[in-house]
Amino acid sequence: MNLNGKTVLVCDCEKTMAIDGKALAKACGSSDSGISTQLCRGQLETFETAAKGQSNVLVACTQEAPLFLEVAEVLGDEAAELSFVNIREKAGWCRQKAGKASTDLTAKMAALLAEAALDIEGATSVVLNSSGTLLILGVDEAALEAADKLADHLSVTVVLNARTEVHPPAVMAVPVFSGQVTKASGHMGAFEVAFEGFAPATPSARSGLTFDANSRAGTTECDLILDLRGGAALFTAPDKLDGYFNPDPGNPALVLAALLELTDMVGEFEKPRYVDYDAGLCAHSRSNVVGCNRCIDICPTGAIAPAGDSVAFDPYICAGCGSCAVVCPTGAARYALPGGDSLFERLRTLLSSYRAAGGKAPRLLVHDADWGDELISVMARSGGGLPDNMIPFAVNSATQLGLEFLLAAGAYGAERVAVLLPPGKADETVGLGEAMALADTVFEGLGYGGGRSTIIDETDPAKVEARLHGFPDLPGMPDGAFIAMGRKRSVMALALHHLHDHAPTPVDTLALADGAPFGAVEVDVAGCTLCLACVGACPTGALRDNPDKPQLSFAEEACVQCGLCRNTCPEKVITLAPRLSFLDSARSHQTVKEEEPFECIRCGKEFGTKSTIDKMMAKLEGHSMFADGKSLERLKMCDNCRVVALTEEDVNPLTFGDRPKTRTTDDYLREREELRQKAAADMKAKGLTPPDEGDGG
């Protein structure tokens with residue numbers, strides 16, 4: 001078979017799979033129905049021939065991938081580019097008999113092959129550098145024992161916060177200090193740890209380690225940290241931070257696993273840049289007025305921080321859960337693994353191929369490539385496998401799915417979306433849960449019915465299998481073929497319009513709960529002065545002015561209900577109305593308020609608006625600086641005429657009045673003598689003798 005320019009090799013794994021070769025070939029649009037039985041052993045020559053004669057080969061087997069890669073390596077430059085897909089555990093090993101397959105099962109296999117044949121855009125990456133500088137934190141001999149095991153592989157330093165007496169090692173192979181951690185920050189290759197009471201071990205210790213009495217505070221840098229203190233970790237979400245190991249010191253198996261992993265952590269390590277961030281779309285704040293903090297509040301690792309009007313993402317700390325992209329209302333934060341529009345291209349290909357092959361009522365099982373793949377494999381090997389119409393869809397993180405994915409899945413025909421959640425992810429489901437609730441509100445409001453998405457957090461394969469097979473049937477969904485492109489809002493708009501066009505009970509508007517990323521901005525027109533502060537604050541362009549006249553317009557489809565316009569409005573005349581509108585008017589800007597420009601009373605030049613001038617005059621009327629009336633009239637003039645009016649009212653508006661006469665010492669002496677003589681005359685008039693005459697002076 002050939003798909004997307006790739007030769008596809010399918011094997012029924014010694015006839016243990018429920019597979020119909022002819023039906024599968026037809027579903028894939030191929031006349032070649034050849035299905036191997038033992039491609040990795042007796043029919044290995046079939047693989048060699050394809051790998052040598054073709055440029056791209058897709059092998060429907062992942063278990064024996066190392067063998068096929070080894071054969072390709074022997075072929076050298078003549079070998080084709082190889083890729084692999086698992087249709088055995090995900091489809092062929094199921095409750096149906098080997099050699100037979102239902103139409104839904106065949107359609108699922110065809111869909112998995114079509115998806116695997118796509119050319120997926122890769123993600124960008126960042127590089128973490130580790131030179132092997134390791135800091136071990138501990139409280140007893142366990143830290144020294146760990147240091148002894150790692151000293152030949154890494155540059156180790158031990159800092160003890162000793163709670164008990166620690167026996168000194170016979171050979172001090174690594175530096176040992178005492179100290180209490182006060183702060184820790186950074187990431188693998190650039191950790192910083194601050195201490196108080198920091199002091200080196202003394203060499204003369206006899207029965208127990210002692211430390212220099214002259215302790216001090218200080219900071220150390222390291223590439224890696226092994227924390228064996230027990231208790232609270234140094235970082236939030238410690239299991240998600242590369243380079244930081246925090247095993248339970250009472251569990252030798254976990255400690256040993258950490259030591260083994262640490263021995264290989266020297267060199268350069270590529271890490272995906274999980275989030276593509278567009279600061280221009282961010283609704284965090286404008287002019288120090290905060291609108292949205294959703295990504296900051298939900299990030300489990302603290303990788304997001306305020307940065308002026310936008311936020312800053314630290315790709316070295318980001319663990320790739322995707323929660324920020326899920327809750328971001330504007331799409332400024334976008335999950336970038338895989339890159340571009342590949343996620344929705346995979347989704348569309350998977351569901352459209354399933355439908356085209358005759359499959360009915362497709363259900364989507366979203367899972368990660370680690371826990372999810374393992375659980376699916378256990379169900380296939382030990383149980384009845386997945387239902388025929390349950391199509392597995394692997395993603396990097398099961399919590400990366402947002403509202404746009406759920407809506408697009410429904411618009412592409414998925415009857416249900418089940419998310420298989422790995423253990424330890426319970427704290428990352430807030431965004432996913434909110435997205436599922438909002439998607440159900442939309443589906444119910446349009447008449448499709450709710451309950452179309454669910455989280456499965458069971459760890460018992462038998463219970464998971466029972467839930468997957470026990471889902472009740474739901475009404476069908478529309479079979480969309482649109483191409484989902486662009487960021488979050490664009491994808492949601494495409495999906496919503498398709499869902500509305502095919503809705504059992506289409507409505508014009510749908511009421512939503514507070515906090516929903518859709519809605520209207522309601523303006524008290526009478527109180528609005530058209531200052532347009534809201535336009536400057538709006539991050540999405542939902543509010544817009546008109547350069548030719550005083551006018552405010554609003555496009556509801558672009559509004560994300562961030563509240564920046566409401567918080568910025570000086571007149572406090574804006575309120576938010578969460579809702580989802582399917583009207584054509586919501587897709588374009590509608591005039592909210594407009595006025596004719598105010599004309600200068602002197603020259604007729606247009607400036608400002610009448611409501612703005614009237615409000616300003618009402619506030620300033622009675623102010624001492626505007627008591628003469630002329631000052632108020634000048635407020636009705638343009639900037640040029642105000643200056644002219646000032647000069648006409650006062651020929652010399654910049655003068656200071658008469659210059660003061662210069663005064664000298666003689667002036668002061670003369671004035672003093674005049675005052676003395678006046679006082680003497682007053683005393684004589686009263687029959688009194690002035691002082692200077694009474695003493696003969």
Excluding sequence neighbours, so at least two apart, what forms side-chain contact (heavy atoms from CB on, under 4.5 Å) with [X]?
X	answer
C28	M1, L3, L24, A110, L113
E270	S125, V127
E465	R95, M379, H469
R489	M492, P517, F518, V560

Decide, yes or no, whether a salt bridge links [X] with [Y] under the criterion of side-chain N to carboxylate O below 4.0 Å.
X	Y	answer
E345	R348	no
R363	D473	yes
R334	D341	yes

Going by atom types only, do [X] and [Y] share a side-chain donor-acceptor pair under 3.5 Å?
X	Y	result
H497	E557	yes
Q38	E14	yes
T106	D20	no

Run the side-chain hydrogen bond (donor to acceptor under 3.5 Å, both in side chains) test against [X] and tell me which residues pass, sequence neighbours left out.
X	result
D242	K271
R273	none
N56	none
Q63	R88, R381

Side-chain heavy-atom pair [X], [Y] within 4.5 angstrom cut-off:
X	Y	value
C94	L105	yes
K15	D12	yes
I376	L386	yes

Ring geometry between F344 and F405 (parallel below 30°, tilted from 30 to 60°, perpendicular above 60°):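 Tilted, since the angle between the ring planes falls between 30° and 60°.
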Neighbour count above 12 (heavy atom, 6.0 Å) for E81 CD: no
Over 12 foreign heavy atoms within 6.0 Å of NZ, K26: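 Count not over threshold, so no.
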Working for side-chain hydrogen bond (donor to acceptor under 3.5 Å, both in side chains), residues N396 and Y335: CA-CA 10 Å; N396 181 66; Y335 204 75; 2.7 Å; yes
Can you list, pair by pair, the side-chain donor-acceptor contacts under 3.5 Å of residues 431-441, counting residues two or more places apart and other chains?
| residue | atom | partner | partner atom | Å |
| --- | --- | --- | --- | --- |
| D440 | OD1 | G451 | N | 3.2 |
| D440 | OD1 | R452 | N | 3.2 |
| D440 | OD2 | G451 | N | 3.3 |
| T441 | OG1 | A437 | O | 3.0 |

Closest heavy-atom pair and its distance - [X], [Y]:
X	Y	result
L446	P504	O-CD, 3.2 Å
N4	A117	ND2-O, 2.8 Å
L39	F68	O-CE2, 3.9 Å
P392	L350	O-CD2, 4.1 Å
A418	I456	CB-CD1, 4.0 Å

Qualifying salt bridge (charged side-chain N to carboxylate O under 4.0 Å, His left out) pairs with a residue from residues 56-68, counting only residues at least two apart or across chains: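 Matches after skipping sequence neighbours: R41-E64.
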Kindly list each side-chain donor-acceptor pair under 3.5 angstrom involving residues 479-487, sequence neighbours excluded, with atom names and distances?
| residue | atom | partner | partner atom | Å |
| --- | --- | --- | --- | --- |
| R487 | NE | G331 | O | 2.7 |
| R487 | NH1 | D276 | OD2 | 3.2 |
| R487 | NH2 | D276 | O | 2.9 |
| R487 | NH2 | G331 | O | 3.3 |
| R487 | NH2 | A332 | O | 3.0 |

Residues which pass salt bridge (Lys or Arg N to Asp or Glu O under 4.0 Å) with D119, listed by chain and number, not counting sequence neighbours: K6
Pi-cation contact, F471 with R416 (under 6.0 Å, within 45°):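 Yes; both conditions hold, so R416 lies above the ring face of F471.
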